[in-house]
Student: 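Pasting a structure here, questions to come.
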Amino acid sequence: MSIRLSDIAKHYGRAGRALEPVNLEVAEGELVGLLGPSGSGKTTLLRIIAGLERPDRDPAGRILFGDRDVTDVHVRDRRIGFVFQHYALFRHMTVFDNVAFGLTVLPRRERPSSGEIRARVYRLLEMVQLERFAERYPAQLSGGQQQRVSLARALALRPEVLLLDEPFGALDAKVRQELRRWLRQLHDELGFTSLFVTHDQEEALELSDRVAVMSHGRIEQIDTPDALYHAPANRFVFEFLGDVNHLEGEVRDGVLTCGAARLRTSLPEGRERLLLRPHEVRLAETPSPEAHLPATVTAVSPVGAEVRVELAADWMAEPWLATLRHADYERLGLTRGQRLFAVPRRWHRFTADGRPQPAAPARAAAA
Ligand code: ADP
Ligand code: MG
């Protein structure tokens with residue numbers, strides 16, 4: 001079932017706008033992530049789609065599921081499944097009864113027979129591999145298992161739309177990873193349409209067909225993970241989708257100066273702010289005529305495919321992060337306290353109002 005929002009806005013009393021008028025289209029069978037910092041309006045948008053919250057009447061926004069206008073349809077009649085971080089299971093009910101609950105409270109005409117309910121619940125528990133736990137109570141399950149029960153419960157009524165609000169937020173990293181895979185599998189297998197809220201960029205990028213990046217009640221950009229990363233619509237998206245180092249200073253006579261840091265450049269004269277991803281920073285033992293950016297290693301983390309190195313210097317407003325190949329890390333013999341030089345390979349620039357300017361390789365990259 002496709003979802004189409006047009007001009008959906010929300011004020012909470014006089015507290016100001018939680019949502020600017022939002023337009024959003026989610027195709028049938030698509031999994032879309034809503035990604036943004038806390039307070040950016042993700043939950044509000046999801047609750048409005050669910051029918052748990054009313055959008056403002058001015059502008060008169062509409063919500064369509066397929067061809068059906070559900071703007072004024074009660075939450076009960078929208079046929080939506082929910083999974084919320086704090087949408088707790090019924091503690092006094094077994095796993096089986098939790099999953100069966102939605103079916104058992106259907107009006108008699110719509111309610112399947114008890115045999116059919118049993119079969120359906122067991123099929124769902126099999127999907128989330130919890131059939132052996134059917135008679136347990138929520139307190140006897142781990143957090144990850146409880147969220148799998150929540151997922152099964154949400155799917156019991158065969159919703160065409162599944163809404164998830166930070167469903168894995170309370171779980172540790174490894175379990176989250178596993179549940180992401182569950183969700184993606186169930187989504188593909190059962191073919192529903194999903195909207196998934198998270199403030200975790202990695203989770204959004206890994207799981208979603210497309211991601212809507214939100215800030216201040218607005219959708220800044222909606223795109224595939226690849227397009228968001230490589231062609232951000234503005235500075236906010238660029239900064240939100242990964243670690244960023246800043247180099248801000250004055251350009252004069254082809255040199256950008258920022259305290260003790262100097263970078264040769266062909267940029268126009270005046271104030272400039274350059275942004276660099278951690279993999280766009282090379283580390284060297286000596287400065288070059290092109291780049292003189294002295295820094296001290298404050299932390300080294302050699303865990304994973306790359307080595308993460310944190311740098312500090314007087315001229316930095318915030319510490320820089322560089323990622324190195326293990327071979328370079330060993331060649332430099334990096335240790336905390338070591339003094340070296342950062343060398344930009346390339347950098348990104350945005351206009352004062354945040355629009356991207358063509359990224360450019362740094363002149364020093366040739367070194
Ligand atoms: P997110 O889920 O992205 O963290 P929310 O949708 O919860 O953001 O909140 C968006 C904005 O609306 C925030 O400024 C928040 O304080 C405000 N807000 C959310 N719910 C309410 C409410 N019930 N009453 C008043 N303000 C609210
Ligand atoms: Mg929220």
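Just so you know, residue 1 is the first one in the sequence shown, and it goes up from there. Every number for a ligand or one of its atoms is a count from 1 in the order of the listing. For the numbers below, each heavy atom of this structure counts, side chains included, while hydrogens, waters and symmetry mates do not.
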Student: Hey, does Gly16 sit under 4.0 Å from ligand 1 if you only count heavy atoms?
Tutor: no

Student: Distance under 4.0 Å to a non-hydrogen atom of Ser40: what atoms of ligand 1 satisfy this?
Tutor: 1 (P), 3 (O), 8 (O)

Student: Give me the nearest non-hydrogen protein atom to atom 7 (O) of ligand 1 as residue plus atom name, then the distance to 0.1 Å.
Tutor: Thr43 CB, 3.7 Å

Student: Using salt bridge (Lys or Arg N to Asp or Glu O under 4.0 Å), reason through Asp69 and Arg4 one step at a time and then give a plain yes or no.
Tutor: CA-CA 9 Å; Asp69 188 327; Arg4 193 153 89 232; over 6 Å; no

Student: I need the nearest protein heavy-atom contact for atom 19 (C) of ligand 1: residue, atom name and distance, please.
Tutor: Tyr12 CE1, 3.3 Å

Student: Show me which atoms of ligand 1 lie under 4.0 Å from any heavy atom of Pro37.
Tutor: 3 (O)

Student: Any idea how Phe84 and Phe82 line up, ring-wise: parallel (<30°), tilted (30 to 60°), or perpendicular (>60°)?
Tutor: tilted

Student: So if I apply the side-chain contact (heavy atoms from CB on, under 4.5 Å) rule between Leu164 and each of Val83, Thr198, Leu195, which one comes out positive?
Tutor: Val83

Student: Give me the ring orientation class for Phe341 and His292: parallel if the planes are under 30° apart, tilted from 30 to 60°, perpendicular past 60°.
Tutor: tilted

Student: Among all protein heavy atoms in this structure, tell me which lies nearest to atom 8 (O) of ligand 1, with the distance rounded to 0.1 Å.
Tutor: Gly41 N, 3.2 Å

Student: For the side-chain contact (heavy atoms from CB on, under 4.5 Å) test, which of Leu183, Thr193, Ile80, Leu186 pairs with Leu162?
Tutor: Leu183

Student: Please state which protein non-hydrogen atom is closest to atom 9 (O) of ligand 1 and give its distance, to 0.1 Å?
Tutor: Thr44 OG1, 3.8 Å

Student: Any N/O/S atom of Thr43 sitting less than 2.8 Å from the Mg ion (ligand 2), backbone or side chain?
Tutor: yes

Student: Got Val121 and Arg153 here, is their nearest side-chain heavy-atom distance under 4.5 Å?
Tutor: no

Student: Is any side-chain N of the basic residue among Arg120 and Glu116 closer than 4.0 Å to the acidic one's carboxylate O?
Tutor: yes

Student: Are Arg325 and Arg331 side-chain neighbours, meaning at least one heavy-atom pair lies under 4.5 Å?
Tutor: no

Student: Do the charged groups of Arg308 and Glu306 touch, with an N to O distance under 4.0 Å?
Tutor: no

Student: Is the shortest N/O to N/O distance between Ala18 and ligand 1 below 3.5 Å?
Tutor: no

Student: Is atom 21 (C) of ligand 1 near the protein, in the sense that some protein heavy atom lies at less than 4.0 Å from it?
Tutor: yes

Student: Might you check, step by step, whether the distance between atom 5 (P) of ligand 1 and some protein heavy atom is under 4.0 Å?
Tutor: yes

Student: Is the closest heavy atom of Ser38 to ligand 1 under 4.0 Å?
Tutor: yes

Student: Starting from atom 10 (C) of ligand 1, locate the nearest protein heavy atom and write down its residue, its atom name and how far away it is, to 0.1 Å.
Tutor: Gly39 O, 3.5 Å

